Amino acid sequence: LPLTVPRRGLPRCVHGGDVWSASRLLRVSVNEVLDFSSNVNPLGPPPTVLKALTENYLNARFYPDLKALSLRRLIARWIGVNSVNVAVGNGVTGLIYLFAELFVRRGEAIILAPTYGEYEAAVKRYGGKPLYVYAKGLTAPDFDGAVKSMSKRVKALFVCNPNNPTGSLTPAKTILELVEAASDRGIYVVLDESFIEFTDQPSTYTLIKEAVKRLNLLVLRSITKPYGIPGVRVGYAVASEEVIRLLLKSGIPWSVSLLDQVAAAAALQDPGHVERARQLIKSERPFMLEELSMVNGFKPLTSNANFVLVNVEGCGLTSSRLKREALKQRVLIRDCSTFKGLDKFYVRLSIRSRRENEFCLKALRRAVEKS
Ligand SMILES: Cc1ncc(COP(=O)(O)O)c(C=O)c1O
């Protein structure tokens, strides 16, 4: 039989943070691209990570701990739950795919658009069907719409809090009501809290403590974003013991490398690093919102996260054109036209240090003035 390669590819999601393509295009080093398109800690990695990687690189001659036990114990202690309620995976993204494979498969999953694109891609990968519930404005996801869409075919619901790309933050009580409505109908809720540590009061919004008590709630938390190490692929899930046992049994072996485990554990040794970023974002976000609203034709949305979504329709440039113009000045921004539920006039900017924010604002003003 002749060999054939399947024609149909799997859905791919577009991401921010592609400093590699930007540096190739500009013919400069990645260090010369100022990345406002991925929403990670603007302070970069804590020094504890570099030290631990240097001290441990020779251990790369061993396979990683299959159970990632010491990292799971460390995370559990850090967030105040038991280690049987924590699983680690190849980034939050790896855990989203694992969840879709185990819990959605050929069923339907509700997605509160606009939101992170990997929920859709993961659901489709395993033959499932995404059901989009679009926000009526961009200030909050449409939770009533989500409840109305909970038919017998629906297996899961993805919620992102605070939401990417809108930056809206939903009170814990509202999400719990949704979790209860889902529970009555046998639906699992994945609550992606990847950005929660950048909000002003993470502990009043997180549902980690609820996840260990409820069978239908799985909370996903990031290591890459709060600790500024997206090149290290680790994220974690918090859920009931039963759900965690299933995840641990089913993931691809060694999907979190030994050096990933070392780096993540070292990052957790410096919680003050996240606190410093939170304070920086708290003071820089109002500055960015104010300055952006003064750019001709820009309308930034209120945000509770470490990034801002901006409607740029009035400036006469589309988001992709604005991205190109900013990139010429070595500033990488997120063109949001690939988000379901947004048109070609939205860009997303992360919040960074004052000097970097001013550099970005200057690049955007120049791009607008030129048009
Ligand atoms: C909502 C959300 N979850 C998860 C991720 C990816 O996290 P990780 O780097 O842990 O895979 C992103 C990245 O942009 C995101 O926006």
Side-chain angles (χ1 to χ4, degrees), residues 12-19 35-42 45 49 68 71 75 86-100 109 111-123 125 135 141 157-170 175 189-199 202 205-207 218-238 247 251-252 255-257 260-261 263-264 267-268 274 303-309 332-336 338-342 346-351:
R12 269 265 172 250
C13 171
V14 177
H15 288 284
D18 189 4
V19 289
D35 183 19
F36 277 80
S37 70
S38 68
N39 306 314
V40 303
N41 189 321
V49 172
L71 177 58
I75 293 170
V86 175
V88 293
N90 193 249
V92 165
T93 306
L95 290 162
I96 292 167
Y97 277 77
L98 185 56
F99 173 85
I111 294 174
L112 294 156
T115 195
Y116 185 44
E118 292 292 359
Y119 310 138
E120 170 191 353
V123 166
R125 173 170 291 231
L157 163 65
F158 288 89
V159 184
C160 186
N161 198 38
N163 188 41
N164 170 17
T166 54
S168 68
L169 182 65
T170 304
I175 297 184
V189 176
V190 172
L191 175 59
D192 185 342
E193 294 186 344
S194 283
F195 299 105
I196 206 153
E197 278 148 300
F198 294 115
T199 62
Y205 284 88
T206 182
L207 284 185
L218 179 81
V219 174
L220 299 179
R221 294 282 290 252
S222 170
I223 298 274
T224 65
K225 294 175 190 301
Y227 294 97
I229 46 173
V232 166
R233 302 302 307 143
V234 188
Y236 59 97
V238 184
L247 295 180
I252 294 172
S255 67
V256 182
S257 80
D260 284 339
Q261 292 185 34
L268 290 169
V274 185
S303 165
N304 288 293
N306 55 323
F307 49 85
V308 205
L309 185 66
L332 182 59
I333 64 171
R334 177 71 156 98
D335 159 15
C336 291
T338 53
F339 279 90
K340 277 214 164 60
L342 292 184
Y346 286 89
V347 299
R348 194 193 62 209
L349 309 169
S350 63
I351 312 278

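Not measured: the values here are computed from a predicted model. Remember, it's 1-based here, ligands and their atoms both numbered in the order they're listed.
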- Hey, are Ser38 and Arg334 close enough side-chain-wise for a donor-acceptor pair under 3.5 Å? no

- Among all residues two or more places apart in sequence or in another chain, which pass the side-chain contact (heavy atoms from CB on, under 4.5 Å) test with Tyr116? His15, Thr93, Ile96, Glu118, Tyr119, Asn164, Asp192

- Under 4.0 Å from ligand 1, residues with heavy atoms, in chain and number order, are Gly91, Val92, Thr93, Tyr116, Tyr119, Cys160, Asn164, Asp192, Ser194, Phe195, Thr224, Lys225, Arg233

- Message: When you compare the side chains of Asn163 and Ser168, does any donor N or O come within less than 3.5 Å of an acceptor on the partner?
- Response: no

- Message: Among residues at least two apart in sequence or on other chains, which ones pass salt bridge (charged side-chain N to carboxylate O under 4.0 Å, His left out) with Arg348?
- Response: none

- Message: Using the salt bridge (charged side-chain N to carboxylate O under 4.0 Å, His left out) criterion, which residues pair with Glu120? Sequence neighbours excluded.
- Response: Lys124, Lys340

- Query: Side-chain contact, heavy-atom cut-off 4.5 Å: Leu247 with Leu98?
  - Reply: yes

